[in-house]
Amino acid sequence: MINCEGELIVTEDTIQMAEAEVAGAWKRAFESDPSEKEKYYITVAYPYPSGAMHVGHGRTYIVPDVIARFWRMRGKQVLYPMAFHVTGSPVIGISKRIARGDEKTITLYRDLYKVPEDVLARFSDPLAIVEHFSDEYERVMRRLGLSIDWRRRFTTIIPQYSKFIEWQYSHLYAQERVVRGAHPVKYCPQCENPVGDHDLLEGDRAEVVKFIFVNFQADGFLIPCATLRPETIFGVTNLWINPDVRYVKAEIDGVVWLVSREAAEKLSMQKHTVSIIDEINGADLVGSMVSHPLSGKVQILPAPFVDPDMGSGVVMSVPAHAPYDYIALRDLQQKGEYTDIVPIPLISVDGYGAVPAQEAVERAGIHDQLDPKMDEVTQEVYGAEFTRGKLLPLCGEHEGKPVRVARDDLGDVMERDYGSIRFFDFDTQPVICRCGSRAYVRILDDQWFLTYSDPIWKQQVHDQISSLSLVPPEVRAEFDRTVDWLKDWACTRRVGLGTRVPWDSNWLFEPLSDSTVYMAYYTIAHRISDIPPESLTPDVFDYIFLGKGDPKGVDRQLLDSLRSEFLYWYPYNYRFSAKDLISNHLTFQLFHHRAIFPDDLQPEGMVVFGMGLLNGAKMSSSKGNVFLLEDAADEFGADTVRMFLVGSAEPWQDFDWRNELVSSTRKQIERLTSYVQDGVLSAGETGVDSWLASRLQRRIVQTTTALELFQTRQALQEAYFGIESDLKWYRRRLPAGSDGGAVMRQVADAWVRLLAPIIPFTCEKLWGDLGHEGLVSYAEWPLPDAALLNPAVEQAEDLIMRTVEDIESIIRIIPMTPSKVTLCLAPSWKYDVFNVVATAEDRRVVTKELMKDESMRSLGKEAVNAVNQVTKLIHSLPPQLVTEIVSNPPDELAIFTQALSFLEEEFKVAFEIVPAEESTHAKAGMALPFKPAIIIE
RNA sequence: GCGAGAGUAGCCGAGUCGGUCAAAGGCGCUGGAUUUAGGGUCCAGUCGUGUAGACGUUCGCAGGUUCGAAUCCUGCCUCUCGCACCA
């Protein structure tokens with residue numbers, strides 16, 4: 001927009017128009033094919049397009065773009081591809097909710113994500129959702145200037161990709177890394193599906209605990225007691241039953257058991273046949289005798305605290321080692337009942353006497369079962385016994401075993417010899433599915449697992465991690481921990497979108513398992529779409545990715561060309577993702593690469609991002625705490641969004657988006673623009689030009705180094721604020737009336753290129769304004785020119801800068817209007833002192849050393865003072881400057897004489913420059929090297 | 001609870017093989033300048049004290065090591081991420 005005086009006015013509209021023009025020039029500019037150049041291949045975790053992009057997503061894709069643009073300018077052949085992960089079930093849930101008119105979901109999509117009504121109407125089809133948002137993602141990513149090769153875009157449910165996944169898993173299956181196994185899962189009988197923690201209304205932190213049933217023989221039936229401590233069977237004194245609960249007799253796997261109704265229900269979910277044949281009140285069983293071969297006969301005692309919803313609803317009592325049992329028994333005995341029962345110790349543990357439970361309870365001063373300290377005491381006793389306890393002689397052949405060993409051994413014995421079964425339950429209740437129904441533990445025995453627990457596979461991944469380039473390096477420990485911690489991973493699901501398991505079509509590969517080696521697929525994605533999917537048999541992929549076999553179905557020349565493209569790009573250089581994926585995706589993909597690809601095609605590096613905040617709070621679509629990326633681009637412009645996201649924190653740090661801080665970023669871009677446009681016309685030469693040119697070389701080096709290390713924020717600091725502050729000083733130092741020399745044009749040329757990776761739209765435009773042909777996106781990255789480095793000039797300016805600051809700070813304090821300033825320059829002997837101190841091994845003894853010198857000694861106290869002052873000064877100067885001063889001492893007189901008119905203009909006062917020894921003023925003695933004494937009158 | 005990481009001025013953040021540190025840079029704020037239409041540009045200040053470039057007190061809290069610690073050690077507190085069949 002142009003105002004009435006013909007000046008350009010920057011508004012949202014003009015920015016958008018300018019950006020659209022540049023985006024047009026880029027439309028196909030980043031399509032990348034193998035070339036003579038060295039390749040640089042980066043990938044980012046692809047998005048799941050179930051909603052609109054927000055500014056948090058923005059950073060995830062902008063930071064890699066900055067890196068891609070940087071290396072492209074450095075002359076590499078850069079590939080930055082993108083695809084969409086649509087595997088899984090979330091969109092199915094979304095589409096169902098929309099179809100049934102769920103208000104919350106519809107509001108989210110219509111009002112927050114701004115989906116048009118006619119599109120929303122189609123969202124009852126899950127595919128419509130991912131298609132809509134995939135297109136929106138591409139549009140917004142282009143809008144933000146991401147230099148992506150869009151020819152390679154795909155989704156994870158296209159037939160070709162499914163064929164690729166089938167190939168991947170045919171290898172894993174052949175290697176026996178995919179095996180069938182039984183696994184307890186959280187399960188909702190209402191939804192008839194396993195439920196993940198995110199599917200739960202309540203109890204999402206509940207863990208599945210594996211109990212063992214210890215079966216006591218009663219009169220005609222068995223009573224199982226669930227326990228985590230089967231070794232304590234030797235110390236059982238009684239059973240606890242809740243007299244107020246109705247139990248059931250049920251035939252379970254052909255044997256009659258007595259359990260709570262809840263337990264019967266749970267058992268039926270855990271691969272047991274259950275048929276209820278009778279009901280009995282708990283009270284009716286109180287007093288009856290039961291027996292177990294390892295404990296002998298014991299009595300059933302009443303205990304109202306027994307929860308029918310825990311375990312079997314009947315508990316075995318070991319009062320010597322379980323504080324709850326001890327207290328319960330004591331309470332009964334204090335009423336005069338069952339006084340013949342005495343605790344039976346079976347474990348000895350250091351730090352406790354014969355009956356640990358009793359001791360711990362008494363030590364803690366606990367009076368009854370309701371004492372809140374009970375859990376703590378229980379934990380204490382269990383912990384002590386588990387880590388240090390040993391079994392006593394009454395345990396027969398198990399005597400002397402550590403508890404941790406005996407526990408497993410007895411569990412096995414129980415299962416093998418005494419008809420015990422494993423029983424799974426949650427450690428906390430309740431666990432409620434989102435549908436409102438209660439969730440249970442269910443055993444799925446036809447589930448497919450990836451064998452991440454395989455120690456050999458783990459070791460291979462550990463080895464890979466140790467040779468990976470990781471940014472930041474601190475995440476290495478977390479990767480190693482994750483590898484250690486991983487167990488077998490259930491890699492299939494019954495419902496959702498995705499690829500069917502080729503050898504078991506009842507199952508689909510779940511999303512984290514079909515997204516581990518797709519970085520290889522990108523390399524051929526745009527060309528494989530020409531091959532009919534039915535021709536894409538595993539041997540075709542073997543040929544492309546592994547160089548093996550002799551596939552007949554596809555033209556060999558095409559396959560050879562695909563293979564050579566794959567080999568050109570692979571292995572990838574860096575993979576980018578947020579840190580929350582370390583514990584699954586990022587580690588999984590290492591496992592899979594290791595299993596599928598040869599040594600020379602393994603991942604080389606990863607960059608792990610921090611998380612994003614919006615106005616200090618976590619970004620969350622469901623809570624409405626998001627700012628859409630497209631809205632941000634509309635309001636501030638794409639470059640502003642990019643610069644803000646890059647500048648607020650380094651990639652691995654968490655960042656916070658605050659709208660009120662973003663607008664100042666735009667002013668900075670405007671300042672750059674106006675500077676560069678001024679710079680176009682600059683000509684001639686001034687005295688400070690060589691200084692500016694020298695500084696520019698340093699900024700180039702610093703910016704380059706920062707980007708090589710993925711320090712995008714640091715790069716911005718150097719490339720933008722660093723150069724800007726140099727320019728401020730330069731302009732201040734220009735002779736009156738000068739607008740600057742031709743060096744400004746050099747700076748503009750370099751500046752635009754240094755910032756091009758971060759604010760490419762603006763720089764593309766400015767590059768043209770500077771008269772260059774072609775895209776700045778492919779311009780040559782600035783190289784520092786050593787010939788333009790001028791340490792002497794930089795040192796001289798440094799001296800002037802420091803002196804100006806000193807003068808300013810004095811003037812600020814003293815309440816007088818200066819009429820004259822005298823600078824007294826340090827005598828040469830003080831430079832000698834400076835040299836000695838600066839180069840001394842031990843600065844504490846330099847005084848002694850110096851005083852050995854005749855001429856120094858003759859200066860007496862003055863010399864001693866000078867040593868102290870100089871030492872302090874040296875400590876306050878950058879070490880590099882100190883070295884510089886020593887090796888190349890400045891000619892202070894010449895420097896200040898040359899700067900005389902500048903100083904007088906700055907302070908509007910007359911200056912005099914004199915050697916300190918020629919001044920009689922008391923302050924003249926303060927003169928130090930690089931720090932003249934200042935006398936203001 | 002377990003594992004990984006982090007705590008620096010109003011905010012974001014440099015700095016962490018001990019002395020370059022009252023602590024870069026940015027933002028915000030304050031004051032000033034400006035033929036400044038506008039959220040513009042420029043200059044200065046922004047822990048406290050101070051009539052000379054200084055001094056005092058600071059880097060989550062409490063101790064310790066050292067001539068000297070934001071930086072090293074110990075304990076504690078707080079925050080972030082992950083803890084699985086889910087993107």
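Just so it is clear: chains get the letters A, B, ... in the order the sequence lines come, proteins before strands, and each one is counted from 1. Only this structure's heavy atoms are used, side chains among them; waters, hydrogens and symmetry mates stay out.
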(request) Look at the side chain of Asn584(A) against the base of A87(B) and say whether a donor-acceptor pair falls under 3.5 Å; ignore hydrogens and angles. (result) yes
(request) Looking only at side-chain atoms of Ala477(A), point me to the closest of A52(B), A4(B), C27(B). (result) A4(B)
(request) From the options A87(B), U51(B), G26(B), select the nucleotide whose nearest atom is closest to the side chain of Ile814(A). (result) U51(B)
(message) Looking only at the side chain of Lys579(A) (C-beta and beyond, no hydrogens), which of the listed nucleotides C81(B), A87(B), A52(B) gets closest?
(response) C81(B)
(message) I want to verify a distance call: between C27(B), A84(B), G3(B), whose nearest atom is closest to the Trp489(A) side chain?
(response) A84(B)
(message) Nearest to the side chain of Leu581(A), heavy atoms from C-beta on, is which of A87(B), A52(B), C27(B)?
(response) A87(B)
Between protein and nucleic acid, restricted to nucleotides 20-24 of chain B and to nitrogen or oxygen atoms under 3.5 Å apart, what atom pairs and distances do you find?
{"from": "U20(B)", "atom 1": "OP1", "to": "His875(A)", "atom 2": "O", "distance (Å)": "3.2"}
{"from": "U20(B)", "atom 1": "O2'", "to": "Ser876(A)", "atom 2": "O", "distance (Å)": "3.4"}
{"from": "U20(B)", "atom 1": "O2'", "to": "Leu877(A)", "atom 2": "O", "distance (Å)": "2.9"}
{"from": "U20(B)", "atom 1": "O2'", "to": "Pro878(A)", "atom 2": "N", "distance (Å)": "3.4"}
{"from": "U20(B)", "atom 1": "O2", "to": "Pro879(A)", "atom 2": "N", "distance (Å)": "3.3"}

(message) Tell me whether the rings of Tyr46(A) and Tyr518(A) are parallel (<30°), tilted (30 to 60°) or perpendicular (>60°).
(response) parallel
(message) Regarding Ile934(A), tell me which of base, sugar-phosphate or nothing describes its non-hydrogen contacts under 4.0 Å with the strands shown.
(response) base
(request) Can you label the angle between the Phe591(A) ring and the Tyr452(A) ring as parallel, tilted or perpendicular, going by 30° and 60°? (result) tilted
(request) Only counting residues at least two apart or in another chain, list the ones meeting ring-ring contact (aromatic ring centres under 6.0 Å, His included) with Phe426(A). (result) none
(request) Look at the side chain of Asp580(A) and decide which nucleotide, out of G82(B), G3(B), G53(B), has an atom nearest to it. (result) G82(B)
(request) May I ask you to test the Glu808(A)-Ile811(A) pair for a side-chain heavy-atom distance under 4.5 Å? (result) no
(message) Please pick, from A44(B), C27(B), G3(B), the nucleotide with the shortest atom-to-atom distance to any side-chain atom of Glu478(A).
(response) G3(B)
